[in-house]
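Before any comments, here is the structure.
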Amino acid sequence: MSETTAGTGASYAAAGVDIEAGDRAVELMKEWVKKTQRPEVAGLGGLGGFAGLFDASALKRFERPLLASATDGVGTKVDLARQLGVYDTIGHDLVAMVMDDIVVCGAEPLFMTDYICVGKVHPERVAAIVKGIAEGCVLAGCALVGGETAEHPGLLGPDDFDVAGAGTGVVEADRVLGPDRIRKGDAVIAMASSGLHSNGYSLVRHVVFDRAKMTLGQQVEEFGRTLGEELLEPTRIYSLDCLALTRTTDVHAFSHVTGGGLAANLARVIPEGLHATVDRSTWAPGAVFDLVGKAGQVERLELEKTLNMGVGMIAVVPEASVDVALATLADRGVDSWVAGEITDRGDHATGAELTGDYAK
């Protein structure tokens, strides 16, 4: 076999992977990652190492610390960010999907890592995505200790990308929230969502683009802004709000309303023998839910098992704790209300159901 002629051999760059662009992206994102530091990660290296470090000696304050972990992505909402050229909000969605799952058991978010997969590294674009993740981590009270940016030419188009993340939290063993704490007579408190959050976008995109023939730049009177701005509204991050509730009053359980909808997610924390009834008349879903339903002629039950319908997080508390819970959430700027109660299971087939009609 003859020796390859100089300058004509294959290379990583020729195959579509730009290492220098990746290095520049890391430099651009460093300032944002630094803003997420907690005391447990300060001085333990920085972005660019092979692993993120967290000082576990901080957990000595716990009698029996249990680590809680979760991982998630943002789904097809990333395609709307790509189409709109807006990359610094999708990270809020990612943090919310991970850390709001972790806080459900009462765990304090500690740290998070991210994974960004792109067809081609555009340093400023990657840095904007990480900026959003970092801002989300600040809102969740956790540190962003590391991540990975992978370039997949040939598998993804040059403007295509996806994001995923994993997080870790900690909770005292005897303070874990969940089904075993729920009692008959408990109140179901609903916390308002900021919009669609990050679930059901395959249905939403099918309805607004394929059936209603709408465009992202189209002004929608009911929204008071464009369709694209409404659909890209970041997922609310409830982590610190939920932790505040655990400090100010008795909380028996939380439920993060994501894929599957309100009833299915609430049922996951309802124990055998008990039943959660949620009254639709206690709130009016936002205009975006009405638009998807009407434009797609989507049946109500289909909407409810796909979208959050205006409720992003549920807290189950004793009746005596309701006033303090609502006041705590109001002080934090979270719109909340009593939406239902816990009763005996009776002949109900599932642990939770929605009843009545939505308020107008």
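- Of the possible donor and acceptor atoms, one in the side chain of Asp279 sits under 3.5 Å from a partner among the backbone N and O of Ser281.
- Annotation: side-chain hydrogen bond (donor to acceptor under 3.5 Å, both in side chains) contacts of Thr246 (sequence neighbours excluded): none.
- Annotation: salt bridge (Lys or Arg N to Asp or Glu O under 4.0 Å) contacts involving residues 300-311, sequence neighbours excluded, comprise Arg280-Glu304, Arg300-Asp357, Glu302-Lys305.
- Residues that satisfy the side-chain hydrogen bond (donor to acceptor under 3.5 Å, both in side chains) test with Asp210, not counting sequence neighbours, are His206.
- Under a 3.5 Å cut-off, the side chain of Tyr201 and the backbone N or O of Val74 do not form any donor-acceptor pair.
- A salt bridge is defined here as a Lys NZ or Arg NE, NH1 or NH2 lying under 4.0 Å from an Asp or Glu carboxylate O, and Glu299 with Lys294 fails to meet this definition.
- Contacts of Arg345 classified as side-chain contact (heavy atoms from CB on, under 4.5 Å), with partners at least two apart in sequence or in another chain: Ile270, Glu272, His275, His348.
- A donor-acceptor pair under 3.5 Å links the side-chain atoms of Asn308 to the main chain of Leu196, judged by distance alone.
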Atom pairs and distances, side-chain donor-acceptor, residues 165-172, under 3.5 Å, sequence neighbours left out:
from: Glu172; atom 1: OE1; to: Glu63; atom 2: N; distance (Å): 2.9
from: Glu172; atom 1: OE2; to: Glu63; atom 2: N; distance (Å): 3.1
from: Glu172; atom 1: OE2; to: Arg64; atom 2: N; distance (Å): 2.5

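- Think of Leu155 as one node in a network of Ile, Leu, Val, Met, Phe, Trp and Tyr side chains linked at under 4.5 Å; it has no links at all.
- Taking Arg183 as the reference, nothing meets the side-chain hydrogen bond (donor to acceptor under 3.5 Å, both in side chains) condition, with sequence neighbours excluded.
- Crowding of Arg175 atom CZ: a count of heavy atoms from other residues, nucleotides or ligands under 6.0 Å not exceeding 12.
- Hydrophobic cluster membership of Val324, counting Ile, Leu, Val, Met, Phe, Trp and Tyr whose side-chain heavy atoms lie under 4.5 Å apart directly or via other members: none, as it forms a cluster of its own.
- Judged by distance alone, the side chains of Thr277 and Thr355 never bring a donor and an acceptor atom under 3.5 Å apart.
- Under a 4.5 Å side-chain heavy-atom criterion applied to ILVMFWY residues, the cluster that includes Val322 comprises Val103, Val104, Leu177, Ile189, Met191, Tyr238, Leu240, Leu243, Leu245, Val251, Phe254, Met313, Val317, Leu326, Leu329, Val334, Val338 as well.
- Between Ile342 and Val316, some side-chain heavy-atom pair lies under the 4.5 Å cut-off.
- Residue pairs meeting the salt bridge (Lys or Arg N to Asp or Glu O under 4.0 Å) criterion with at least one partner in residues 84-102, sequence neighbours excluded, are Lys77-Asp93, Asp88-Lys131.
- A donor-acceptor pair is defined here as one N or O able to donate and one able to accept, closer than 3.5 Å; such a pair exists between the side chain of Ser194 and the backbone of Arg236.
- A donor-acceptor pair is defined here as one N or O able to donate and one able to accept, closer than 3.5 Å; no such pair exists between the side chain of Asp290 and the backbone of Ala287.
- Within the structure, the salt bridge (Lys or Arg N to Asp or Glu O under 4.0 Å) test picks out no pair touching residues 242-254 (sequence neighbours left out).
- When atom types are taken as modelled, the side chain of Asp186 and the backbone of His252 share no donor-acceptor pair closer than 3.5 angstrom.
- Looking at residues two or more places apart in sequence or on another chain, you find a side-chain hydrogen bond (donor to acceptor under 3.5 Å, both in side chains) between Arg82 and Asp79.
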Pair Lys120-Asp159, salt bridge (charged side-chain N to carboxylate O under 4.0 Å, His left out): steps then yes or no: CA-CA 7 Å; Lys120 178 179 176 58; Asp159 290 327; over 6 Å; no
